[in-house]
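Notes follow once the structure below has been shown.
The shown structure was predicted, so the numbers you read here are calculated from the model rather than taken from an experiment.
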Amino acid sequence: MINGGVSWWWRDIGGTPPPRAPLPGDLALDVCIVGAGYTGLWTAYYLKQAQPDLRVGVIEQSFAGFGASGRNGGWLTNSVTGGREHYVARYGRDAAIAQQRALNDTVSEVIEVARHEGIDADIIRGGELEVARTPAQLARLRKTAAEELSWPHTDVQELDAAATRARIDVAGALGGIWHPHCARIHPAKLAAGLAMAVERAGVSIFEQTTARSIEPGRVETDRGTVRADAVIRATEGFTANLRGEHRTWLPMNSSMIVTEPLPTEAWDAIGWSGRETLGDFAHVYMYAQRTADDRIAFGGRGVPYRYGSRVDTNGLTQERTIRSLTDLLHDFFPATRGVPLAHAWAGVLGVPRDWSATVGFDLATGLGWAGGYVGTGVTATNLAGRTLADLVLRRDTDLTRLPWVGHRAKRWEIEPLRWTAVNAIYAAYRGADRLEARGGSRTSALARVADLIAGR
């Protein structure tokens, strides 16, 4: 088994790509985007679609898709990061509905652009299935299903144990909920294909170039200074590395393992013929997909946070995290026992203090940003890219009026409060999961305390 090396997704398509040329020195652009993940690439793509003569460049410290865009679980889903109630409290129910509809539509938009640009990202729109495996999880599932069904455009179906296991035979599943607004993707194929589409449109991607600071009209890098009318920060989990942004978003770690291809008899036992993405209702939740070549890619939280907002670079995963994810995989699917693991890796995602994603552009300074997706960014990055394009071009559209536009969360606490709080939160969540596994239909008080501390 390989540990690290960015991710199995990149290994699956022949390894990390040959590096593009770095910034050649000082440069003038119309729009400079910092970060060549999904957010930065989608923003560049839609800017050039709207105005082909724009001089657009993307600065990337490693290679396009190096961060979460090339390491995630491959869920192109319609999640409203932070929850719709967050928008109801500030802007009203109609605004929250508009956000949900926009994310639903974005799932289709990504699929259509991939088709149009010839990007084969193993996309199958099988929907999203979340399962409950303890009575407390089942109670949360039923509450969630009732809440979702009270909103338009969610299209949720609540499933009993038999219907759940008919889709995917998760051991011990007591029930599930499913919705159609989700597709399984191959993250690295999408990132690599999107980067090539952006270059075909005339965007320059400068790799091996580290941005040190972002200011109005300029980006200082280790290779020179870029001056631009508009500067977009699209750095997600790596935002803490920028000067002045250390407490903006917390870099949360998430880890994954992937098996070797499962034999036919294992799939006969598990099912999963619809290729749904799979999650659960644990507090320290898991996420998984059946890959195009019949592996299981299975993820969850390992060590959630490193002191001082330090970020991982190579994807190396702690052995205890690999053991924990492997045990959970075998618990979910006994037929995987004896199937070797092929790869383990980790990455960082951006978490705002209020757990709500944001996109914005300040007309006065020319500074824009998007991110804080808290692990639900595969879809939201596209919506952010389209929205940023409209904002930069000063268009008043349905997208620029969505409630996440211009949202700002307060900054995270200083150390050691940040490290202490995050690790205490996840220790409490793990403890709550252990207590709930013993029975009882109520959510553990430990989890409720952790939610309160987290501000969720």
Side-chain angles (χ1 to χ4, degrees), residues 1-17 62-63 65-75 121-122 168-171 184-192 237 251-270 272 275 277-280 282 284-306 310-349 375 378 426 430:
M1 185 197 73
I2 294 173
N3 186 357
V6 186
S7 75
W8 176 80
W9 304 117
W10 284 108
R11 176 186 167 199
D12 185 49
I13 59 174
T16 56
S62 185
F63 61 86
F66 168 77
S69 298
R71 309 189 196 198
N72 64 81
W75 286 36
D122 298 341
I168 306 175
D169 195 357
V170 175
R184 178 212 69 186
I185 69 159
H186 188 299
K189 288 183 179 180
L190 179 60
M252 185 79 74
N253 297 293
S254 198
S255 301
M256 293 197 73
I257 56 174
V258 67
T259 68
E260 295 290 356
L262 271 62
T264 301
E265 55 269 24
W267 288 118
D268 289 342
I270 295 169
W272 214 336
R275 308 281 174 153
T277 61
L278 175 66
D280 75 348
V284 184
Y285 53 84
M286 51 70 63
Y287 51 94
Q289 66 152 277
R290 178 179 177 176
T291 68
D293 61 348
D294 289 336
R295 305 167 188 262
I296 294 178
F298 195 96
R301 295 286 185 266
V303 175
Y305 173 72
R306 291 181 174 88
R310 289 180 292 119
V311 295
D312 166 78
T313 56
N314 192 46
L316 194 69
T317 302
Q318 297 88 354
E319 289 297 329
R320 60 174 168 159
T321 299
I322 296 171
R323 289 194 301 270
S324 175
L325 288 175
T326 303
D327 289 346
L328 191 59
L329 169 70
H330 293 164
D331 195 36
F332 266 59
F333 303 114
T336 61
R337 296 182 185 276
V339 177
L341 296 184
H343 204 131
W345 68 96
V348 295
L349 48 101
V378 178
Y426 275 90
R430 291 189 181 93

Closest approach of A346 and T317, non-hydrogen atoms and distance?
N-OG1, 3.3 Å

What is the distance from atom CG of L329 to atom CG of L341, rounded to the nearest 0.5 Å?
7.0 Å

Using a 4.5 Å cut-off on heavy atoms from C-beta on, say whether the side chain of S255 contacts that of W345.
no

Could you tell me which residues satisfy side chain to side chain contact (heavy atoms under 4.5 Å, CB included) with E319, sequence neighbours excluded, listed by chain and number?
N3, I322, R323

Going from NE2 on H343 to CZ on R295, what distance comes out if it is rounded to the nearest 0.5 angstrom?
11.0 Å

Under the 6.0 Å and 45° cation-pi test, does R71 pair with F66?
yes

G70 versus W9, closest heavy-atom pair with distance:
O-CD1, 3.5 Å

Sequence neighbours left out, what passes side chain to side chain contact (heavy atoms under 4.5 Å, CB included) with S254? Give chain and number order.
Y287, R301, L349

F333/W267 aromatic ring centres below 6.0 Å
no

I'd like to know whether R337 forms a salt bridge (charged side-chain N to carboxylate O under 4.0 Å, His left out) with D327, so could you lay out the CA-CA distance, the side-chain angles of the two residues, the decisive distance to 0.1 Å, and finally the verdict.
CA-CA 9 Å; R337 296 182 185 276; D327 289 346; over 6 Å; no

For W75, what residues pass the ring pair (Phe, Tyr, Trp, His ring centres under 6.0 Å) criterion, not counting sequence neighbours?
none

Side-chain (Q289) to main-chain (I185) donor-acceptor, under 3.5 angstrom:
yes

dist L325:CG -> I257:CD1 (nearest 0.5 Å) comes out at 5.0 Å

Can you sort out the partners of A292 under side chain to side chain contact (heavy atoms under 4.5 Å, CB included), two or more places apart, ordered by chain and number?
D122, R184

When every non-hydrogen atom of R310 is compared with those of P251, the smallest separation belongs to O-CG, 4.5 Å

Give the minimum heavy-atom separation between R275 and T291, together with the two atoms involved.
NH1-O, 2.7 Å

To check you understand the geometry: which heavy-atom pair defines the closest contact between E260 and A342, and what is its length?
OE2-CB, 3.6 Å

Heavy atoms of A191 and S69 approach each other most closely as CB-O, 4.4 Å

How long is the span from the CG atom in L262 to the CH2 atom in W272, to the nearest 0.5 Å?
9.5 Å

To the nearest 0.5 Å, tell me how far T277 OG1 sits from R290 CZ.
14.5 Å

When rounded to the nearest 0.5 angstrom, what distance separates CE in M286 from CG in L328?
6.5 Å

Going through the checks in order, is the side chain to side chain contact (heavy atoms under 4.5 Å, CB included) test met by R306 and V311?
CA-CA 7 Å; R306 291 181 174 88; V311 295; over 6 Å; no

Working note: F298 + F332, criterion ring pair (Phe, Tyr, Trp, His ring centres under 6.0 Å); need CA distance, chi angles, decisive distance, verdict.
CA-CA 11 Å; F298 195 96; F332 266 59; 5.8 Å; yes

Verify, without hydrogens or angle tests, whether R430 (side chain) and V284 (backbone) share a donor-acceptor contact under 3.5 angstrom.
no

With heavy-atom distances below 4.5 Å as the criterion, would you say the side chains of D294 and T264 are in contact?
no

May I ask you to decide if I296's main-chain N or O and T259's side chain share a donor-acceptor pair within less than 3.5 Å?
yes

Angle class for the W10/F63 ring planes (parallel below 30°, perpendicular above 60°, tilted otherwise)?
perpendicular

A68: partners by side chain to side chain contact (heavy atoms under 4.5 Å, CB included), with sequence neighbours left out
none

Please name all residues satisfying salt bridge (charged side-chain N to carboxylate O under 4.0 Å, His left out) with D169, sequence neighbours left out, ordered by chain then number.
R165

Do side-chain atoms of R11 reach the backbone of T16 as a donor and acceptor pair under 3.5 angstrom?
no

Under a 3.5 Å distance rule, please check whether N314 uses its side chain to pair with a backbone N or O of L316 as donor and acceptor.
no

